[in-house]
Every structure is written in C-alpha cells, then in structure tokens.
S.K.: 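One structure, as structure tokens, below. Some questions next.
A, B, ... follow the sequence lines: proteins, then strands. Residue 1 opens every chain. What you see is a predicted model; the values in this text were computed from it and never measured.
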Amino acid sequence: MRDRLQDWLPRIVLAPSFLAILVFVYGFILYTGWLSMTDSRMLPNNDFIGLDNYVKLFALKHWSIALKNLAIFGTLYIVICSCLGLFLAIMLDQQIRNEGFIRTVYLYPMAISFIVTGVAWKWFLDPGIGLENTMHQWGWESFEFKWIKDRNMAIYTIVIAAVWQSSGYVMAMFLAGLRGVDNEIIKAAQVDGASGVLIYRRIIIPMMRPVFLSAFVVLTHLAIKSYDLVVAMTGGGPGRATEVPATFMYSYTFTRNQMGVGASSAIIMLIMVFSIVVPYLYSEIRHGEKNR
Amino acid sequence: MSHPSQENAINAGSLTRILIYTLLIFFVIYYLLPLWVMVSNSLKTLDEIRGGDMLAPPKAITLEPWRQAWSQTQIGVEATGLKPYFINSIIMVVPAVFLSTFLGALNGYVMTKWEFPGVNLIFGLMLLACFIPFQIVLIPMARILGMLGLAGTLGGLILVHTVYGLGFTTLFFRNYYAAFPTELVRAAQIDGATFFQVFWRILIPSSGPIIVVTIIWQFTNVWNDFLFGASFSGYDSTPITVALNNLVNSSTGVKEYNVHFAGAILAALPTLIVYIVSGRYFVRGLMAGAVKG
C-alpha cells in the first residue's frame, strides 16, 4: 500500500500546479475566446454573435490608433534596445576597469517598476518643470522639448523611457553571448591580419544570431504587453495619442462596458504574442533535445 | 560573467581606449540621470522645483516631501501617505513568492527525477503560460475571484501572483535539477528514502543558488506588478504601484512633484536594495527567463 502511494506521489504532487495552469491559463483563454464571440457588455453574457466583435474592433479608429502606436513603439523599442545593447556589450568587453560597477549601473532600471520609471520620465520630460525649463535656466532660451504634450510626438517619449529601462538587459544578454565566443577563432583571424573592427563585423556579430533572436522575442513580448509605462507616463494621452492595445483592452472591458470587444482585443494580443513565441520555444526545445 | 582574462579585446591605441571610456561614462550618466533627478528633487521644496533647475542639487535639503509621501499625502480619498499600501505590498509579496517558489521546486523535482508519460507536455504547457499577455485572463479571473469571495482582497492577489508565477519558477527549478545527478537520487531510493526524503535531504540542500534566483525573480515581478493590482485590488488591498500611480496621476489639487519623487523612490527601494545586494542572482534570473530549453 505504501509503495503504491509512493508510485503515485509524483503525479499527485504535480497535479495542483498542472490543474491551476490548465484552468487559470488555458481555461481562461477559452473563456475569453468565447466571450469575444458574445454580446457581453458590462457583464459577461452568452448571446452568441459570431465574429461581429472582431468586425467591430477592426472598424474602430481607436483600435487602429492602438495598433499603429504599437507598431511605432515596438519597432523603435526593439531596434534601439538591440543596437544599444550590442554596442554597450562590445564596449564593455574590452577589458574595462570597473566593469562590474558599470554593468550594475546599466542594468538597475530593470529592477524597478515601470510605474516608477514612468513617474521619473513624465516629470523629467514635462516642459514646465523638466528638461526644457532646466535648459532655459542654463541660458539656452530657445530650447524646446514638448513631445510629451504633443499628439504627434508623445509615443516617442514612451520609447525613450522604455529603452532606458530595458537596454541594459539586452546589454547583459549580448555580454553573456560575447563571453561565450571561442578565443581561438579570434586569434586565428588576428594572425591572418584582420583588424579589430573587421573581426567584430565579420565574425563576432554574426555569431550573436541566437542572442539577437532571444532579445527579439523577449522585447516583442514586453512591447505587446506594455501597459504600466503608458498608464504612468501619459495615461494613453494626450487625447488618444499613446493608446496601445493593452490600454485599449482595459478601457473597453472595464470602463466602457464593451466586454465583448475588449475580449476580442485580448485574443488579438494573444495571437500576436504566440505567433512570435511559439515558433521560438519550439525551435529552442528541439535544439535543446538535439544537444542532449 | 566576469572573466577579466578576456582576449578578444580590440588591440587598440590609447586614443581608442579613451573614446571607449568616454562613451561608457556617458552611458553611466544617462542611466543614473533619472535616479538623480528623483533623489535630488525629492529633497527640494516645491517652490525650488517650480522655479529652478531640475538637474541641480537641492539648495537646502528638506525631508518634508519624504514625510508627506510616507504618511501624510492624499491618495484617493484619504490622507494616509503610501505607508498602508507599502504594507499591503509586503503582505501580498511574501506568501506569493514563498508559495510559487516552493511549488516550482516540487514541480522541477518531479519533472526531472520522476518522469512519467506526459510530463514533457505538461512542462510545455507551463512554459508557454509564462508568455501569455495577462489581458487574456483579466475577465475570467475577475469572475472567479468574485465567486471565491476573494475579489478586492490581498488573498485574491496572492492567488493570482502564485498561479501566474508557477510557469517561471517551475522552469527555473526544472533546468537546475536537470543537471543534478540522477544516480544520487536512485542510490538514496535503494537505501529506502521516500519521495519527500529525497526532496528535502538531497535536492533542497544543494538548491541554494536557484532558490535565491527564483525568490529574487518572483519578488521583483510581484512587487512591481501593476496590471493585476489595478484590476483586482480593493479599497484596503491596493498595492504600492497602484497607489503611486493614483498619487501622481490624480487630477485634483496641486501637483507636488517633490512628494511624487519621494513616493517613487519608496516604491522602488525594496527591489533596488535586493538588486544591489544580490545583483549576480538577479542577472541569472533574467538570463534564465530569456534563454529556454
């Protein structure tokens, strides 16, 4: 009897976590999927209306603004973080004194909340008290920086803050990658007379492909989910200038009483994330098994 | 990560090296700038901030904004300061981190040392769960918390953070235990050790580093969470991130920038301290969160 129990124990121990994930993740995805096809308003209901919510969603100007902002924000965020991260990692990989200290400084924003980051940058970029005012005090009277109040430029201030927060993380990923490069290859290239810049351009940076891929997946996933930073910095404003899918979903579901439309926007967000993450995880796991 | 004996440095002249150091120092200033702005302006009077230079150090240091932010400023309807919300966050974080770490360790142990058919599928499902945009679970979660009588309570938030932390904690422990010699486990079993004896006496004593990594990862994520806090907390269970946002973005009254900055530092302090004290483990968590398989 005791041995039977021991045989079943591993399954029993794993069961609560498995059930929790099954219900709270996959069950909830199905339920949200179902709601996205119902006429739910303030409260969920079960009046099936097919894909009407999706048709409605993509006809909404509000949603197309959110998608456009995500495209602008996501592209700049991913490109700038990757370039800056790689650049800083290469600089730091040159036998720098105090490397540990510099690394710590570059990475600390990752430890703090997007809300805190949002508060700092919101006031720092505020024309009344922040950078603009400071430059005026320093005697540069014509200096102007009103992006955060400007409908056409506000989304770029979110990029500035988000890059500040995440670029150190990407730097750490690239630094780990650079430290894994085989020194023999570099020595051989040096013997052949290749210059430092050429070695990086032709040999080392191409070897960083897996890191670029990981960084791309992590940053895309962060960009699509980004909600906190927008709320703290601009609240989606001025007007709807910095609305993104995450803020759209929240306001349609919880403040505009259009739960069906909110649920359909959440499903679109899930599809966006999974279309990037699933192929990546699949190839990582396949690759991992091959190496075993 | 720190191997000073790197040889793939560019063999460069001293001019290039000066340029490299200049650039590195420039970025040190760039990353520290917002922190400097927050600290220095949290010690200024409101008049000084309005009239002056945000980058300058305070002319006369005042601790009044800190006192205000901690215990006096108006948040929502009550003038309580951030203190009660700070305490809410602690009450929420400690059990959520403990539970998700403990369950993650057990899951990782089962998945690597007691494999049974289907275990890899379960792992795949848990891994994928790490990446869902949480917007997808907000509506059903609100309903379930209501049904369980946990809507607007700290208990509800603890449940939410435990469940959605499981994917990563399981991933961390599974990858760590995969490298742990299975022969040791089998030998102990032959000697008559039970499932839990193996776990407590063999696996856990050698899990120090991964426990630290997981706790830091979970602590940082749960403390910094905003979406779940904003969606599921009630009047007396609001975490500090939500309270800080309410303070800064409330449309009523005078904007007390110095109090906002002091409050922002208060909200950031716990995770910053953890990062400074154990940055190595923090980075390991970040790396494990990025590179899977």
S.K.: Tell me, do K225(A) and L227(B) make a side-chain contact under 4.5 Å, heavy atoms counted?
M.R.: no

S.K.: Could you tell me which portion of V242(B) (side chain, backbone, both or neither) has an atom closer than 4.5 angstrom to a non-hydrogen atom of chain A?
M.R.: neither

S.K.: Decide yes or no for F131(B) and I276(A): does some side-chain heavy atom of the first lie under 4.5 Å from some side-chain heavy atom of the second?
M.R.: no

S.K.: State whether the side chain of Y108(A) and the backbone N or O of Y31(B) hold a donor-acceptor pair below 3.5 Å, judged by distance alone.
M.R.: yes

S.K.: Can you tell which part of P16(A) gets under 4.5 Å to a heavy atom of chain B, answering side chain, backbone, both or neither?
M.R.: neither

S.K.: Just by distance, do the side chain of T271(B) and the backbone of A111(A) share a donor-acceptor pair under 3.5 Å?
M.R.: yes

S.K.: Looking at E115(B), R143(B), R50(B), M126(B), which makes the most heavy-atom pairs under 4.5 Å with chain A?
M.R.: R143(B)

S.K.: Contact part of T117(A) toward chain B, heavy-atom cut-off under 4.5 Å: side chain, backbone, both or neither?
M.R.: neither

S.K.: Please identify each residue that fulfils salt bridge (Lys or Arg N to Asp or Glu O under 4.0 Å) with E132(A), with sequence neighbours left out.
M.R.: K146(A)

S.K.: Sort S231(B) into side chain, backbone, both or neither according to what part of it lies under 4.5 angstrom from a heavy atom of chain A.
M.R.: both

S.K.: Report which part of A230(B) has an atom under 4.5 Å of a heavy atom belonging to chain A: side chain, backbone, both, or neither.
M.R.: both

S.K.: In terms of heavy-atom pairs under 4.5 Å, which option from L166(B), V28(B), T220(B) contacts chain A the most?
M.R.: V28(B)

S.K.: Let me know if F274(A) has heavy atoms under 4.5 Å from chain B in its side chain, its backbone, both or neither.
M.R.: side chain

S.K.: Between Y106(A) (side chain) and F27(B) (backbone), is there a donor-acceptor pair under 3.5 Å?
M.R.: no

S.K.: What part of Y109(B) is in contact with chain A, defined as an atom under 4.5 angstrom from a non-hydrogen atom: side chain, backbone, both or neither?
M.R.: neither

S.K.: Tell me the closest heavy-atom pair linking L138(B) and M249(A), and the distance in Å.
M.R.: CD1-SD, 4.2 Å

S.K.: Can you check whether L125(B)'s main-chain N or O pairs, donor with acceptor, with Y26(A)'s side chain at less than 3.5 Å?
M.R.: yes

S.K.: I want to check something: taking the side chain as every heavy atom from C-beta on, are N41(B) and W123(A) in contact at a cut-off of under 4.5 Å?
M.R.: no

S.K.: So what's closer than 4.5 Å to chain B heavy atoms on F87(A): side chain, backbone, both or neither?
M.R.: side chain

S.K.: Tell me whether Y275(B) contacts the main-chain N or O of P109(A) through its side chain, where contact means a donor paired with an acceptor under 3.5 Å.
M.R.: no

S.K.: Should we say atom OH of Y30(B) is surrounded by more than 12 heavy atoms from elsewhere, each under 6.0 Å from it?
M.R.: yes

S.K.: Do V273(A) and I132(B) come within less than 4.5 Å of each other through their side chains, counting heavy atoms only?
M.R.: no

S.K.: At a heavy-atom separation under 4.5 Å, does T253(A) approach chain B through its side chain, its backbone, both, or neither?
M.R.: side chain

S.K.: Please classify the contact between M38(B) and chain A as side chain, backbone, both or neither, with a heavy-atom cut-off of under 4.5 Å.
M.R.: side chain

S.K.: Chain B heavy atoms under 4.5 Å from I267(A): which part of the residue, side chain, backbone, both or neither?
M.R.: both

S.K.: Give the member of V274(B), V163(B), N221(B) that has the highest number of heavy-atom pairs under 4.5 Å with chain A.
M.R.: V163(B)

S.K.: For V277(A), is it the side chain, the backbone, both, or neither that has a heavy atom closer than 4.5 Å to a heavy atom of chain B?
M.R.: side chain

S.K.: Side chain, backbone, both or neither: which part of L35(B) has a non-hydrogen atom closer than 4.5 Å to chain A?
M.R.: both

S.K.: At a 4.5 Å cut-off on heavy atoms, which part of L33(B) comes close to chain A: side chain, backbone, both, or neither?
M.R.: side chain

S.K.: Identify which part of M272(A) has an atom lying under 4.5 Å from any heavy atom of chain B, answering side chain, backbone, both or neither.
M.R.: neither

S.K.: Side chain from CB out, backbone as N, CA, C, O: work out which of these in I96(A) comes under 4.5 Å of a heavy atom of chain B, or both, or neither.
M.R.: both

S.K.: If I measure from the heavy atoms of chain B, does F254(A) come under 4.5 Å with its side chain, its backbone, both, or neither?
M.R.: side chain

S.K.: So which residue, A268(B), G118(B), P34(B), ends up with the most heavy-atom pairs under 4.5 Å with chain A?
M.R.: P34(B)

S.K.: Please confirm whether the backbone N or O of G51(B) pairs with a side-chain atom of Q137(A), one donor and one acceptor, at under 3.5 Å?
M.R.: yes

S.K.: Between L35(A) and chain B, which part of the residue has a heavy atom less than 4.5 Å away: side chain, backbone, both or neither?
M.R.: side chain

S.K.: Using heavy-atom distances under 4.5 Å, tell me whether F124(A) contacts chain B through its side chain, its backbone, both, or neither.
M.R.: both

S.K.: Counting only non-hydrogen atoms closer than 4.5 Å, does V217(A) touch chain B with its backbone (N, CA, C, O), its side chain (CB onward), both, or neither?
M.R.: neither

S.K.: What pair of heavy atoms forms the shortest contact from M54(B) to I129(A), and how long is it?
M.R.: CE-CD1, 3.5 Å

S.K.: Hey, which of V37(B), V137(B), L24(B) has the most heavy atom pairs under 4.5 Å with chain A?
M.R.: L24(B)

S.K.: Which one, I144(B), D225(B), I122(B), V119(B), leads in non-hydrogen pairs under 4.5 Å with chain A?
M.R.: I122(B)

